[in-house]
Amino acid sequence: MKILVIDDEPFARKLLMHQLGRLGVEHAQPCASAQEALALLERPGESPDLIFCDLQMPEMDGVEFVRHLVRAGYAGGLVLVSGEDERLVQTAAKLARAHKLKVLGALNKPVPIDSLKQFLDGDVAHSPAQGRNERKTYSAERLRRAIADGELVNHYQPKVELPSGAVAGFETLVRWRHPEDGLIFPDQFIPLAEESGLINELTRSVLRTALRHARAWSDDGFPLQVAVNVSMDNLVSLDFPDFVERALGEAGIAASGLLLEVTESRLMKDPLAPLEVLTRLRLKRIGLSIDDFGTGHSSLAQVRDIPFSELKVDRGFVHGAWRDASLRAILEASLGMARQLGMKTVAEGVEDREDWDFLRDSDCELAQGWFIAKAMPPEQIPDWIADWEVRRPTVVDFGTRSTP
Ligand code: C2E
Ligand code: CA
Ligand code: CA
């Protein structure tokens, strides 16, 4: 493994080099400035697997260096190190991640040797895309055919109650089972569906399938709520509430068995139509959730104007809130506001044990995220429920927490 250590401070640089040596690293290269590192990176065949970079450096600081790394198409791991305050390093790391760099850590100096070891043991050479497909773009016509031919499939991610862990329902997450390209995730085709006017067909097909699955769970003895994502573009069709009501009737599901999760991905030209549609859906007692709360347009104005029954705090404010005071403040304020308005609260992006424990101590009502389960095809749901019932006691009865 080739490693680059960039720090203008000779002592810090030598210390890190020495620690890496103790951990058995043979190919570490020290650099006294970002410029020196960039010159090295330009040499063919010299691309390192891992870079440790100081944030505070004269001439070119770590943030500027990150920009150059992006331009150079650097694909290895990056660890940011700094003597500055914690929030600044975290912000710099967020910035680098937003540029799609593989940031393995953001640390204060001196770097603890355990953390170093962790970075070296980690699968550094692995791609950052979580095994997802290479980005490829599709034509509207191809997507239209996919919808018509049934290539879109629903996966489901559980939502569980806090603090008991009881399963409350499932969120539908659509995937495209492409015959050549494999499983394609929604961020690669939902925007296209919205721009090309295919979103109506897409949502209606996803919703009908979701209700059919909900019917099957109910017949198997699990009357669980199913959530479906709708985009604002769906809500300009004034007949949408009637369509939903008909679909519920056909599936034999009560209105309370369905929840629509709404995100405003772009500003609406005519804000009155969605308001009318959402109000009518609520009158029909269909659940409405404000999705990705805290980001983009999913904001206070919507909470003021639209009768949502649930507020879903964006995962950007959930994962890691236990160790980040800013996230925690936003999460807690959002939960408090939702409670005052009588809305149900959901935290998404509960990724690990720390997130889970932290939320169990908060007054959030529902949790969703990889710690509980990733989205799965419907045929896996019965097994997952059985497994979760076995695992549940180990995640709710541990430690000092008391369960009512
Ligand atoms: P979303 O509604 O916010 O859905 C949650 C996304 O976060 C899902 O990604 C889910 O797999 C992912 N996720 C779940 N748990 C965790 C976690 O613990 N950590 C992290 N980092 N991520 C987690 P996915 O399936 O790729 O969906 C992306 C977005 O696509 C969704 O975001 C939703 O806005 C949109 N989408 C999905 N299905 C549909 C649909 O049928 N219609 C519409 N209009 N949009 C959809
Ligand atoms: Ca959602
Ligand atoms: Ca969301």
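Every number for a ligand or one of its atoms is a count from 1 in the order of the listing.
- Residue contact check for ligand 1: Gly349 places a non-hydrogen atom closer than 4.0 Å to it.
- Residue-level proximity to ligand 1 for Arg315 is carried by the side chain, the only part with a heavy atom below 4.0 angstrom.
- Taking the N/O/S atoms of Glu261 in turn, the shortest distance to the Ca ion (ligand 2) belongs to OE1.
- Checked by atom type, the side-chain pair Glu310/Ser289 shows a donor-acceptor distance below 3.5 Å.
- Nearest N, O or S atom of Glu171 to the Ca ion (ligand 2): atom OE2.
- Ligand 1 has no nitrogen or oxygen under 3.5 angstrom from a nitrogen or oxygen of Thr263.
- Using a 4.0 Å cutoff on heavy atoms, Ile190 counts as a contact of ligand 1.
- Remark: Arg391 is positioned above the aromatic ring of Phe371, its terminal NZ or CZ atom under 6.0 angstrom from the ring centre and at most 45 degrees off the axis.
- Within the structure, the closest approach of Val350 to ligand 1 falls below 4.0 Å when heavy atoms are considered.
- Minimum-distance N/O/S atom of Asp291 relative to the Ca ion (ligand 2): OD2.
- Residue Val206 has no nitrogen or oxygen atom sitting less than 3.5 Å from a nitrogen or oxygen atom of ligand 1, judged on distance alone.
- Under the 4.0 angstrom criterion for non-hydrogen atoms, Arg175 is in contact with ligand 1.
- Note: Trp217 and Tyr156 meet the aromatic proximity criterion, with ring centroids under 6.0 Å apart.
- The proximity of Glu171 to ligand 1, defined as any non-hydrogen pair under 4.0 Å, is limited to the side chain.
- Aromatic ring centres of His213 and Phe170: separated by at least 6.0 Å.
- The distance from the Ca ion (ligand 2) to the nearest N/O/S atom of Asn229 is under 3.0 Å.
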